[in-house]
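Presented below is the structure to which this report refers.
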Amino acid sequence: MSLYCVLGVFLCCITLILSTDKDCIVGIIGQSTLLPCVYKNGNQDMLLSDIGIEWRADSVVVYSFVYGKEIREVQGKDYANRTHLFTEVLKKGNFSLRLEDIKVKDIQYYKCIFNRKGFGSSEPLDQVCLTVAAHYTDPVVQRDAEGGEAQFNCSSGQGFPEPTVHWLINGERPPVDTVRSTVTQEPDTKLFSVRSLLTANVTQEIIVSCTIENHRLKENKTSAVIYYSIQKDTNTGTNTAQVVGGIVGGFLIAVLIGVAMWKRRELFKRCGIAQ
């Protein structure tokens with residue numbers, strides 16, 4: 001392969017990477033999205049029988065409309081029953097295509113090619129970059145252990161692309177070495193699930209939050225828990241019991257002395273003994 005070919009492939013790859021988040025249409029997995037294509041023909045309407053439209057992804061035919069008829073026989077099998085052209089606006093030059101049931105494998109450049117009967121060769125109109133995304137579920141945060149060192153689990157799934165996990169303890173990021181995250185991808189849907197574990201030494205009441213960031217959708221989903229550290233002082237109960245016992249005991253002794261003195265006075269009165 002020549003140097004120019006290698007350079008061309010490299011530039012093409014760089015262009016695709018750079019445009020993924022900035023210039024691409026983001027389709028939501030499982031939903032439909034619109035690939036725009038407009039032919040500027042002023043206010044003049046065209047006849048459907050004069051219009052030829054073909055959408056392509058590389059060499060694969062995504063959709064074909066030739067002079068008033070859909071041509072399904074040439075359509076790539078991955079796009080069968082997933083495409084729709086709005087024939088009611090074709091005569092106005094709007095050749096936008098709706099692609100349904102978006103999948104991860106639909107990440108691609110799509111070309112809109114127009115041919116008008118009697119005008120010679122086909123004319124490429126638009127090239128549309130499509131990338132995909134999926135919303136992550138609300139994260140679930142659970143805590144383990146009471147007092148001292150505690151572990152917090154954060155889990156979320158059904159998202160795309162791979163997420164970033166952010167932990168906060170009382171609004172501050174914990175040390176990097178206290179967090180361990182694991183991301184898995186489903187083989188069929190290609191959707192991601194994430195499980196993150198935070199270990200923290202807790203000595204007081206804290207607020208722990210976990211955020212799942214989907215940068216492609218510019219979406220953050222957060223859940224938080226309030227954690228109370230329960231530390232039992234084994235001496236506290238003993239000291240308290242001693243104090244309470246001392247008070248009660250003193251009160252009983254005072255009552256007994258008072259009763260004894262009253263009975264003594266009564267006895268002296270009966271015997272006529274002056275005190």
- Are the side chain of N214 and the backbone N or O of A134 linked by a donor-acceptor pair below 3.5 Å? yes

- Item | Side chain K111, main chain P124, donor-acceptor under 3.5 Å | no

- Task: For the pair F192 and F160, name the ring-plane relationship: parallel under 30°, tilted 30 to 60°, perpendicular over 60°.
- Result: parallel

- Item | Pairwise distance CZ(R180) to CG(L197) - rounded to 0.5 angstrom | 5.0 Å

- Query: Can you tell me how far the CG atom of D50 sits from the CG atom of N115, to the nearest 0.5 Å?
  - Reply: 10.0 Å

- Task: Could you tell me whether the side chain of D58 and the main chain of V60 form a donor-acceptor pair under 3.5 Å?
- Result: no

- Just say parallel, tilted or perpendicular for the rings of Y79 and Y110, cut-offs at 30° and 60°. perpendicular

- Message: I'd like to know if the side chain of R173 and the backbone of H166 have a donor-acceptor N/O pair within less than 3.5 Å.
- Response: no

- S156 (side chain) donor-acceptor with D138 (main chain) under 3.5 angstrom: no

- State the CG-OG1 distance between L99 and T33, to the nearest 0.5 angstrom. 7.5 Å

- Query: Yes or no on side-chain contact (heavy atoms from CB on, under 4.5 Å) for K103 and V132, after CA distance, side-chain angles and deciding distance?
  - Reply: CA-CA 7 Å; K103 309 176 188 299; V132 303; over 6 Å; no

- Query: Is R82 salt-bridged to D106, cutoff N-O under 4.0 Å?
  - Reply: yes

- Query: Would you say S223's side chain and P139's backbone share a donor-acceptor pair under 3.5 angstrom?
  - Reply: yes

- CG/N94 to CD/E88 distance, rounded to the nearest 0.5 angstrom? 9.0 Å

- Is there side-chain contact between Y136 and L217, with at least one heavy-atom pair below 4.5 Å? no

- Heavy atoms, side chains only, cut-off 4.5 Å: are V104 and I29 in contact? yes

- Item | Fellow cluster residues of V61, listed by chain then number, with links counted only when side-chain atoms sit under 4.5 Å apart | V66, Y67, I71, V74

- Item | By ring-ring contact (aromatic ring centres under 6.0 Å, His included) - contacts of Y63 (at least two apart) | none

- Item | Under 3.5 Å: donor-acceptor pair, side chain of Q75, backbone of V62 | yes

- Query: Between N170 and I207, is there a donor-acceptor pair closer than 3.5 Å when you use the side chain of the first and the backbone of the second?
  - Reply: yes

- Note on the structure: To the nearest 0.5 Å, atom CD1 of I51 lies from atom OH of Y39 at 10.0 Å

- side-chain contact (heavy atoms from CB on, under 4.5 Å) between L34 and S96, worked out: CA-CA 7 Å; L34 190 68; S96 300; 4.0 Å; yes

- dist L125:CG -> Q127:CD (nearest 0.5 Å) comes out at 12.0 Å

- Steps toward side-chain contact (heavy atoms from CB on, under 4.5 Å) verdict (N153, S155): CA-CA 7 Å; N153 293 295; S155 59; over 6 Å; no

- Exam field: side chain R98 to backbone F86, donor-acceptor pair closer than 3.5 Å: no

- Query: Heavy-atom distance under 4.5 Å between the side chains of I212 and S196, does that happen here?
  - Reply: no

